[in-house]
Amino acid sequence: MRIIRTIPELRAAVAESRKTGASVGLVPTMGAFHEGHLSLMRAARKANGLVVVSLFVNPTQFGANEDLGSYPRDEERDAAMAEAEGVDLLFAPDASEIYPEGFATSIHVSGLTDVLDGASRGALHFDGVATVVTKLLNIVTPDVAYFGQKDAQQVLVVRRLVRDLNLDVRIEACPIVRESDGLAMSSRNVYLDADARRQATALNRGLDDAAALAASGVRDAATLTGAVRRMLAHADIEPEYVELRDLDDLSPVTELDGEALLAVAARVGAARLIDNHILRSADPRGGA
Ligand code: AMP
């Protein structure tokens, strides 16, 4: 595995590999790897001749009061883990390589970014995500880029910008990888002390309760989100949001019919956590 710091070197390495006809898979990350990241790397490794992982803690997607300064960073460990997964290129640029002096452009995906994390963290968060992902797609020019369903709204935002800007790449969303007690893996889980770590399991347990209600025929969104809220309250967690939304455009869903996204965000101890399940109604009216 090669560690690459600059855009010209990265482009040259990708061009070299293209000559052999290799398809290129990209896994964009902010590092502090866990099994969630590794699952994306494995998916990329299985399907592509060249696997590129980007490791860049993107400053523009962090709010002023967020954790950019304390975000976990351990490039040596990450490099060893990526190498063990058979990654070919680890693209780990400095911030000045991605945002040189005078950088002035931003990608804004409207609508989709007004709700959930866009409302909670502010619109600039997804502008930062959309801009850096667009740049990475232009730098690496992958055939396929891999994202985690853990960040469900991010997947939708990326799919939309790819469509709207005619980027020639396929976006693959991979399932959420969880700890054995159900907590969704996240680089931010290291912020949890022992008590907060126990509390944090309430997010997935609440989502599980809602999924069970949906499977038993409950369609009312308030009842489904209420199941999550009840579990969080029991664990002494005040959610930032618990919402049932359309899987394609994130419009609010009041009555579950078919599939919908049930998403939750909450501060637990020192960490801000997000999680989601795709709910399926017991008997879709569309007859699917
Ligand atoms: P991050 O380094 O947190 O920006 O994440 C990089 C990629 O890994 C994103 O596409 C995330 O959605 C994905 N990811 C993070 N956590 C998980 C998880 N628990 N399961 C699956 N994918 C994940």
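Numbers here are sequence positions counted from 1. Start at 1 and go down the list; that is how both ligands and their atoms are numbered. Hydrogens, waters and symmetry mates play no part in the numbers below; they use all other heavy atoms, side chains included.
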Atom indices of ligand 1 within 4.0 angstrom of [X] heavy atoms, with elements:
| X | value |
| --- | --- |
| D151 | 11 (C), 12 (O) |
| P175 | 20 (N), 21 (C) |
| T29 | 2 (O), 6 (C) |
| M185 | 16 (N), 17 (C), 18 (C), 19 (N) |
| I176 | 20 (N), 21 (C) |

Just to be sure I read this right, does ligand 1 sit under 4.0 Å from the backbone of S186, its side chain, both, or neither, counting only heavy atoms? neither

Should the proximity of L40 to ligand 1, defined as any heavy atom under 4.0 Å, be assigned to the side chain, the backbone, both, or neither? side chain

Of K150, Q61, Q154, E35, which has the heavy atom at the shortest distance from atom 9 (C) of ligand 1? Q154

Would you check the N or O atoms of [X], main chain and side chain alike, for any that come under 3.5 Å of an N or O of ligand 1?
| X | result |
| --- | --- |
| G148 | yes |
| F147 | no |
| P28 | no |
| H37 | yes |

Taking atom types as modelled, find out whether [X] and [Y] have a side-chain donor-acceptor pair closer than 3.5 angstrom.
| X | Y | answer |
| --- | --- | --- |
| S120 | E240 | yes |
| H34 | N189 | no |
| S96 | D94 | no |
| D246 | S251 | no |

Report yes or no: does [X] have a heavy atom closer than 4.0 Å to ligand 1?
| X | result |
| --- | --- |
| H34 | yes |
| A32 | no |
| Q149 | no |

D143/R18 salt bridge by N-O under 4.0 Å criterion: yes

Hydrophobic cluster membership, with links at side-chain heavy-atom distances under 4.5 Å among I/L/V/M/F/W/Y: are M81 and L40 in one? yes

Tell me if the centroids of the rings in F91 and F56 come within less than 6.0 Å of each other. no

Which residue and atom name correspond to the protein heavy atom nearest atom 4 (O) of ligand 1, and how close is it? M30 CG, 3.6 Å

Tell me the protein heavy atom at minimum distance from atom 20 (N) of ligand 1, and give that distance in Å. V177 N, 2.9 Å

Check against salt bridge (Lys or Arg N to Asp or Glu O under 4.0 Å), R5 and E75: CA-CA 12 Å; R5 307 273 173 209; E75 186 184 303; 2.7 Å; yes

If you count heavy atoms of other groups shown closer than 6.0 angstrom to CZ of R230, is the number above 12? no

Minimal non-hydrogen separation, D195 against R198, with atom names: OD1-NH2, 2.6 Å

Quick one: do E66 and R121 satisfy salt bridge (Lys or Arg N to Asp or Glu O under 4.0 Å)? Show the steps, please. CA-CA 9 Å; E66 293 187 351; R121 298 183 69 176; 2.6 Å; yes

